[in-house]
Colleague: 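Submitted below is the structure of interest, expressed as structure tokens.
All ligand and atom numbering here is 1-based and tracks the order in the structure. Remember, it's a predicted structure, so these values are computed and weren't measured experimentally. This chain uses plain numbering: 1 for the first residue, then up along the sequence.
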Amino acid sequence: MQFDELPAQLVAAKPILEKINEAGFEAYFVGGCVRDMILGEELHDVDIASSAYPEEIKEIFDKTVDTGIQHGTVMVLDHGEGYEITTFRTESTYTDFRRPDSVTFVRSLSEDLKRRDFTINAFALDADGTVIDLFNGLDDLKKKQIRAVGKAKERFTEDALRMMRALRFAAKLDFSIEEATLEALAELAPNLEKIAVERIQVEFEKMLMGQAAGRSLMTMVEVGLLPYFPGKTGRIKASHLLELANYLQSAQPKNFAEVWTLYLATAGLNADELQDELRTWKLSREVMSTVNRLAPAIEKVEGLSVWDLYQINDLAETFLSVLAIIGVDESVRLSIAAQFDALPIRSAKELAVNGGALIQAGIAKPGPALGKILSDIEQAVVNGQVENEQAVLFDFAKGK
Ligand code: ATP
Ligand code: MG
């Protein structure tokens with residue numbers, strides 16, 4: 001397969017391949033960017049693989065940064081862009097099911113492509129626009145299937161994360177998982193326990209944002225991966241995941257905050273279990289706080305007061321998206337959205353008075369009583385009992 005016209009990102013990076021070629025080495029675009037180009041999808045990152053060793057790459061280019069020199073990756077800086085160039089390499093014996101014991105640089109493209117996870121991730125594209133497809137990945141793209149390069153059982157034994165990656169790409173591209181690859185998934189599911197939660201998190205998040213997230217989630221349950229998932233085994237019941245899978249048929253979360261709010265707020269956990277689960281997944285502080293603030297609101301969505309909505313109004317967009325995914329009636333969502341819009345203030349900072357003003361006006365003295373007055377004012381304004389105007393609020397405070 002030959003491409004006469006390349007996407008703009010690859011056109012911009014082509015001189016890098018050519019420069020490496022001129023120096024007498026091979027260089028190709030590899031991985032996701034070639035797959036996405038063939039599919040006509042938007043490209044994320046442009047990865048380059050080369051027969052040149054890192055030291056040789058550094059001799060060819062003026063500006064380089066050692067971004068991952070131990071794995072053979074050097075970043076070349078060109079017209080304000082950074083391009084990662086990785087030396088062809090093989091990975092030998094994975095005694096721990098997750099990291100190769102050693103990485104060996106090689107001069108052969110086919111050796112490098114052989115170590116890649118799936119046939120559709122194992123293309124290379126040369127500077128002339130020719131696709132190198134050693135494992136019939138083009139055929140798999142046509143069949144819309146995820147198939148391991150080589151023997152699936154061996155590949156999942158080497159690196160158990162690849163099982164999550166299979167589910168992630170199946171969800172992202174709306175592909176099925178080829179039979180032998182799926183069989184290996186079912187057989188080797190217990191190995192997932194060996195994988196660091198952070199690496200599973202990355203794949204799981206991308207999986208849930210994929211267009212066929214619901215199907216991947218169901219597959220996860222069917223092949224028996226759930227008991228080996230981070231978190232206490234069986235805490236999240238398969239029935240909850242299947243319910244979530246059902247929701248995901250029609251809409252998917254758009255970002256990590258939505259992913260985790262959706263996943264954990266619908267998982268049927270009590271408050272302690274939820275905290276445990278948040279810690280287990282090692283989520284960012286920001287995501288944890290979002291889940292903690294939205295989970296109770298999602299549980300009582302029909303009985304939310306204006307004050308409840310005020311408390312989460314900075315997360316309104318995430319909240320409404322998750323409600324849509326879990327099938328809350330449009331009329332209910334529109335009414336909640338209208339209530340968010342109608343809030344007289346978004347935060348206490350927008351109040352027409354503050355502690356200083358109350359003290360200056362001689363209405364209150366510094367101390368705990370002042371805090372109470374301010375919080376009464378905030379509640380009264382939010383609930384629409386008083387106007388957010390200084391004179392009105394002074395009068396209100398005097399009456400306290
Ligand atoms: P995305 O568009 O989501 O970034 P990608 O295909 O570029 O998709 P990456 O995770 O960025 O995925 O990995 C880049 C490439 O490296 C893959 O296409 C694949 O060839 C290879 N790769 C990544 N992780 C593994 C792995 N665990 N085992 C084997 N090959 C892998
Ligand atoms: Mg990538």
Colleague: With heavy atoms only and a cut-off of under 4.0 Å, state how Arg116 meets ligand 1: side chain, backbone, both or neither.
Modeller: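 The answer is both, backbone and side chain.
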Colleague: Given Glu84, Arg165, Arg162, Arg115, which one has a non-hydrogen atom that is nearest to atom 24 (N) of ligand 1?
Modeller: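 Heavy atom nearest to atom 24 (N) of ligand 1 belongs to Arg165.
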Colleague: Can you tell whether the side chains of Arg162 and Asp117 come within less than 4.0 Å, N to carboxylate O?
Modeller: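 Salt bridge: no.
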Colleague: Which of the listed options, Arg168, Glu42, Arg155, Lys172, holds the heavy atom that is closest to atom 3 (O) of ligand 1?
Modeller: Arg168
Colleague: With a 4.0 Å cut-off on heavy atoms, does Leu161 reach ligand 1?
Modeller: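 No, that is not the case, since the closest heavy atom of the residue is not under 4.0 Å from the ligand.
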Colleague: Any salt bridge between Glu56 and Arg107, counting N to O under 4.0 Å?
Modeller: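 Counted as a salt bridge, because a side-chain N and a carboxylate O are separated by less than 4.0 Å.
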Colleague: Tell me whether Asn121 has any N or O atom under 3.5 angstrom from an N or O of ligand 1.
Modeller: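 Looking only at distances, the answer is yes, because the N/O contact criterion of under 3.5 Å is met.
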Colleague: Would you say Glu26 and Tyr28 are linked by a side-chain donor-acceptor pair, where the criterion is simply a distance under 3.5 Å?
Modeller: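 Yes, because at least one side-chain N or O of Tyr28 sits under 3.5 Å from a partner of the opposite role on Glu26.
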Colleague: For ligand 1, is any non-hydrogen atom under 4.0 Å from Asp117's backbone (N, CA, C, O), its side chain (CB onward), both, or neither?
Modeller: both
Colleague: May I ask you to decide whether Glu258 forms a salt bridge with Lys254, counting only side-chain N to carboxylate O separations under 4.0 Å?
Modeller: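 Result for this pair is yes, salt bridge flagged.
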Colleague: Val382 and side-chain contact (heavy atoms from CB on, under 4.5 Å): which partner among Ile377, Leu309, Val306?
Modeller: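 That would be Val306; it is the only one of Ile377, Leu309, Val306 passing the side-chain contact (heavy atoms from CB on, under 4.5 Å) with Val382.
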Colleague: Report yes if Arg199 has an N/O atom closer than 3.5 Å to an N/O atom of ligand 1; otherwise report no.
Modeller: no
Colleague: Which ligand 1 atoms are under 4.0 Å away from a heavy-atom of Gly31?
Modeller: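 Listed by number with element: 18 (O).
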Colleague: Does the structure place the NZ or CZ of Arg215 under 6.0 Å from the centre of the six-membered ring of Phe175, at an angle of no more than 45° from the ring's axis?
Modeller: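 Judged by the rule (NZ or CZ under 6.0 Å from the ring centre, within 45° of its axis), Arg215 is not positioned above Phe175.
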Colleague: Spell out, as yes or no, whether a donor-acceptor pair under 3.5 Å connects the side chain of Ser289 to the backbone of Arg285.
Modeller: no
Colleague: Does Phe169 have a non-hydrogen atom less than 4.0 Å from ligand 1?
Modeller: yes
Colleague: Which of these, Cys33, Ala124, Ala160, Gly32, has its nearest heavy atom closest to atom 5 (P) of ligand 1?
Modeller: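 When every heavy atom of Cys33, Ala124, Ala160, Gly32 is considered, Gly32 comes closest to atom 5 (P) of ligand 1.
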Colleague: Non-hydrogen atoms of Arg35 versus ligand 1: any pair closer than 4.0 Å?
Modeller: yes
Colleague: Are the side chain of Asp133 and the backbone N or O of Leu138 linked by a donor-acceptor pair below 3.5 Å?
Modeller: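 Present.
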